There are 2 protein chains.
Amino acid sequence: MPKIVDAEARRHEVVQAVFRIIASDGLERASLREVADEAELAVGSVRHYFASSDELLVFSFGAVIDRIAGRLEAALASVEDAEPESPEQHHAVLNLLGQFLPLDEELAVDACVWMAFRHAARIKPVLAAEAERSHRAVAAVVGRLIMILNPAEADAQQSLVTEAERLLATMDGLCMHALLQPEWMTAEMCSDVLTAHLRSLRAVPASG
Amino acid sequence: MPKIVDAEARRHEVVQAVFRIIASDGLERASLREVADEAELAVGSVRHYFASSDELLVFSFGAVIDRIAGRLEAALASVEDAEPESPEQHHAVLNLLGQFLPLDEELAVDACVWMAFRHAARIKPVLAAEAERSHRAVAAVVGRLIMILNPAEADAQQSLVTEAERLLATMDGLCMHALLQPEWMTAEMCSDVLTAHLRSLRAVPASG
DNA sequence: TTGTTTTTAGCACGAACGTGCTTCAACACC
DNA sequence: GGTGTTGAAGCACGTTCGTGCTAAAAACAA
């Protein structure tokens, strides 16, 4: 009936603009006017697709979560397909954990945006639900990974949960340092830390 | 000659107000008006002690860095005083690492403020110098701790640096999770993860 | 008391923000 | 060709922000 516009594509373009602004200028600069400028639209146009600023931010948060979770689950499938203890599996695990880190431009933007939203969710209640979903999705993948790497002690659930949280914390800390102190936490340092952590996982079997 | 006011004490009160606002409402709400309200002063009074908003924020960042670094170095002294491999040393190490985490009200405020400023420093160049100082100070303490816990391989500097960065990343990740997902990352879980990490440090001696 | 200087308080300006509301152009259908 | 729905654009209002500036208040020296 009216002007033909792919609404979903438009929303995606707007969200991409939000991502670019957050990555370069931070979340607090992602105002309707800035986003509209970056997307080369008018403020009214952006508001046609997103009723309010909050709705735009929540939708953008959900979008980055879906992107990250999608990458993680694809990488997890590769790990599960690989032969246990094989070099292929080790490579697949490194690839999975690398998805957390800002190793290329696209990953860096996602990591920036992800971090920004998670921290903002501490303050803004509208973001809390998505933050919880994010944590659940990532924890599920990491938990599954720990189970794969420690098939022997599938009974010692206590230790598995602890190890999953430990790996998750290490990954988030690595990501943080790579974003905030890129001169110190280089890609090579990330790789060294990752291999050291994986070695420590194999070296500490049961705990008691 | 004029009204007697302890300028240093006033500045400290203002900074405390900044801390409270950041912890409860986030850094972006730490405006001059909000800070003045929280400190029960007029905007003009705050501006008398801090020429600009940037100056207030940079000073506050420095203050929280000094607080955290002071605690860490005091705790490090306890570790260095303890007998190597003794239970006292283990306790001192746990105490040191606990200084990173929001385990009580004061630590939680400092952790919030610290995180907020470090992330803001990625965007705001005025904060960059203090962020670098913060990283240097904390990395020095953690590096020293790793050397104490691994006296044998004092020559394998590569491994020591990697282990220091790994511990630092894990601590920052734990702190992040404790702040952002307090229901999942409880104090008990923090403790479990810490002891697991310390065990993994002892279990993986040299690398090659 | 008078004068000096620090401290406190407040006004005013321009900029940026979210949002309610109106207006215009474009297109599909009757 | 007319008509109505929808995308796009923009105005206006109230709020908040940092900051330059002025002026009252307070406390000590003379």
Side-chain angles (χ1 to χ4, degrees), chain A residues 1-22 24-61 116-117 119-121 123-127, chain B residues 1-22 24-61 116-117 119-121 123-127:
Chain A
M1 314 139 186
K3 203 164 166 180
I4 301 184
V5 163
D6 185 338
E8 197 165 338
R10 265 272 191 273
R11 289 161 93 94
H12 185 256
E13 287 173 25
V14 174
V15 167
Q16 289 299 317
V18 172
F19 287 0
R20 288 195 296 273
I21 291 176
I22 293 178
S24 65
D25 294 337
L27 182 59
E28 62 276 7
R29 297 299 281 272
S31 66
L32 286 181
R33 287 171 175 83
E34 290 275 348
V35 170
D37 266 20
E38 177 72 30
E40 292 183 338
L41 290 174
V43 177
S45 305
V46 175
R47 293 188 56 202
H48 179 74
Y49 295 97
F50 300 96
S52 69
S53 174
D54 279 357
E55 186 177 315
L56 171 58
L57 293 184
V58 171
F59 187 88
S60 300
F61 192 7
F117 274 122
H119 277 87
I123 301 300
K124 296 196 71 173
V126 275
L127 299 175
Chain B
M1 308 146 181
K3 199 167 166 179
I4 300 184
V5 164
D6 186 337
E8 198 165 338
R10 265 270 190 274
R11 288 162 92 95
H12 185 256
E13 286 173 25
V14 174
V15 167
Q16 289 298 317
V18 171
F19 287 179
R20 287 195 297 273
I21 291 176
I22 293 179
S24 65
D25 294 337
L27 182 59
E28 63 277 7
R29 297 300 280 272
S31 66
L32 286 181
R33 286 172 176 84
E34 290 276 347
V35 171
D37 266 21
E38 176 72 31
E40 293 184 338
L41 291 173
V43 177
S45 305
V46 175
R47 292 189 56 205
H48 181 255
Y49 295 97
F50 300 97
S52 69
S53 174
D54 278 358
E55 186 177 316
L56 171 59
L57 294 183
V58 171
F59 187 88
S60 301
F61 192 7
F117 274 123
H119 277 87
I123 301 300
K124 296 195 71 172
V126 274
L127 300 175

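Because only heavy atoms are used, hydrogens play no part in the values below, and waters and symmetry mates are left out as well, while side chains stay in. All values reported here derive from a predicted model rather than from experimental measurement. A note on names: the letters A, B, ... follow the listed sequences, proteins ahead of strands, and every chain is numbered from 1.
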Novice: Nearest whole angstrom, please: distance from the C1' of D:dT6 to the CZ of A:R10.
Specialist: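 Rounded to whole Å, this separation is 13 Å.
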Novice: Rounding to a whole Å, what distance do you find between A:F50:CZ and D:dA8:C1'?
Specialist: 15 Å
Novice: For the NE2 atom of A:H12 and the CZ atom of A:F19, what is their distance to the nearest 0.5 Å?
Specialist: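 These two atoms lie 7.5 Å from each other.
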Novice: So, is B:R47 close to the C:dG10 phosphate, meaning a side-chain N or O under 4.0 Å from OP1 or OP2?
Specialist: no
Novice: Check the distance between C:dG10's C1' and B:D37's CG and give it to me in whole angstrom.
Specialist: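 In whole Å, C:dG10 C1' lies 14 Å from B:D37 CG.
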Novice: Would you please name every residue forming a salt bridge (Lys or Arg N to Asp or Glu O under 4.0 Å) with B:R20, sequence neighbours left out?
Specialist: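 Salt bridge (Lys or Arg N to Asp or Glu O under 4.0 Å) list for B:R20, sorted by chain: B:E38.
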Novice: Strictly under 3.5 Å: I want the nitrogen or oxygen pairs between protein and nucleotides 12-17 of chain C, one per line.
Specialist:
unit_1 : atom_1 : unit_2 : atom_2 : d
C:dC17 : OP1    : A:S31  : OG     : 3.0

Novice: Nearest 0.5 angstrom please: A:S45 OG to A:E40 CD, how far?
Specialist: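 Going from OG on A:S45 over to CD on A:E40, the span is 12.0 Å.
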Novice: Do A:D54 and A:K124 have side chains that approach each other closer than 4.5 Å (heavy atoms only, starting at C-beta)?
Specialist: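 Side chain of A:D54 against side chain of A:K124, heavy atoms only: contact under 4.5 Å found.
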Novice: What is the distance, rounded to the nearest whole Å, between atom CD of B:E55 and atom C1' of D:dT19?
Specialist: 14 Å
Novice: For B:H48 and D:dA26, give me the distance from atom NE2 to atom P, rounded to whole Å.
Specialist: 16 Å
Novice: Give a yes/no answer on whether the side chain of B:Y49 brings an N or O atom under 4.0 Å of OP1 or OP2 in C:dT6.
Specialist: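 So the side chain of B:Y49 is outside the cut-off, no N or O lying under 4.0 Å from OP1 or OP2 of C:dT6.
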Novice: Taking side chain as C-beta onward, heavy atoms only, is B:F117 less than 4.5 Å from B:L57?
Specialist: yes
Novice: Answer yes or no: is there a donor N or O on one side and an acceptor on the other, between the side chain of B:R29 and the main chain of B:E34, under 3.5 Å?
Specialist: no
Novice: Using whole Å, what does the distance between atom C1' of nucleotide D:dA25 and atom CG of B:L41 come to?
Specialist: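 My rounded result for the distance is 15 Å.
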